[in-house]
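Taking it in order: structure first as structure tokens, then the write-up.
Whatever order the structure lists ligands and atoms in, that order sets their numbers, starting from 1. Quick caveat: nothing in here was measured; it's all calculated off a predicted structure.
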Amino acid sequence: MKWGLIGASSIAANHMIGAIRRQGGEIVSVLSGSPDRAADYAKTHDIPAGLTDLDALLADDALDAVYISTTNEKHFPQAMAAIVAGKHVLCEKPLAMSVADAVSMVRAADAAGLTFGTNHHLRNAGTHHAIRDAVRGGRIGDVLSVRIAHAVYLPPFLQGWRIDNPGAGGGVIPDIVVHDADTVRFHLEEDPAEVVAIDGISGLGQGVEDSVMSVWTMPSGAMVQTHESFTHAFAGTGFELHGTKGSIFARNVMTQMPVGEVTLRTEAGEERLSFSDHDLYDRSVRLFTEAAGGQGRPAADGVDGVKSLAVASAVAEAAKTGARVAVDYGGI
Ligand code: NDP
């Protein structure tokens, strides 16, 4: 598959260029807003064309798919242009700045018969598959609650638009809550119904929140508690599921790397669950490539991307108003 990169980003450089190439993809072009950066990035990553004109990138008939990893406010117009040009789209999260725009993207791809994927990496992790298998296998009984610890320290090289630019989609809610929403949906196979939340600025945010805690209700009656932050250097991450017959404690699993540990505790005692240590982004690209070729579906499709954004939008609204907010999935 021939790919164009829309966005000369860190995530493409650090994870996705390698993942695309390891899955047999060929990257033929990259788009940046700056000519110098387009040229530098293309040279550094051995990409034949470094462009600044989206129409020129999309005019290449040989191009099958685009990977969009620009700042968040650009995802919607760039994805719509790619869909009009007949390209499959793998888009970064959050899909858009509003649920309505995200729904439009996903419907447009569907109407054009194109594959649309959302690059939610966590549902590709071996750790999360081990957790899901244990839950599916009834090992913790009925799920009563989920607790997510996703308070990390934003590395200095990412302390740009995320901490000071609401117009680019900055803030910890669009950045991290979307991943937690997707992970909860992946495990529980149901969509959060209502949320309450409090956000704050705890050292990094300049005009946007850098920390948030929220509680979500689920249709089954399970409750979800989450903590996301950019300012916690030593907290570590975790994902816990508590059920009527057991609990799962997963440490260091809300991460981009294939690491962590997963422990099941039941009446019988504690058991460490084994998991595959494959690269998370390799699996995302593999399933997207297969889906574009007519086999299966992306790990997270467009509807998954809309729903994770809907939950994050509800958390933002709840934090702003102090109200209990029903999640609006935009009719999808
Ligand atoms: P970056 O800040 O690295 O890149 C975003 C944009 O900023 C780029 O498109 C680029 O613009 C510009 N830029 C990047 N580096 C520089 C630089 N050194 N000098 C000047 N401009 C620069 O963002 P991320 O890679 O962290 O995030 C991009 C998207 O990917 C976001 O939507 C984010 O939410 C998502 N993401 C997803 C992750 C996942 O695991 N699924 C993980 C991390 C991010 P231009 O293209 O115009 O050159």
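Taking the six-membered ring for Trp, Tyr153 and His232 have ring centres at least 6.0 Å apart. Ring to ring, His227 and His150 are not that close: their centroids are 6.0 angstrom or more apart.
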Run His120 and Ser308 through side chain to side chain donor-acceptor pair (under 3.5 Å) and show every step you take. CA-CA 9 Å; His120 277 308; Ser308 66; 2.8 Å; yes
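Around ligand 1, the residues contributing at least one heavy atom under 4.0 Å from the ligand are Gly7, Ala8, Ser9, Ser10, Ile11, Leu31, Ser32, Gly33, Arg37, Ser69, Thr70, Thr71, Asn72, His75, Glu92, Lys93, Asn119, His121, Leu158, Trp161, Arg162, Asp175, His179, Gln256, Tyr281.
The aromatic rings of Phe249 and His242 stand perpendicular to each other, their planes meeting at an angle above 60°, with 30° marking the opposite boundary.
Under a 4.0 Å N-O distance rule, the pair Lys87/Asp64 does not qualify as a salt bridge.
Between the side chain of Asp210 and the main chain of Ser202, a donor-acceptor pair closer than 3.5 Å is present.
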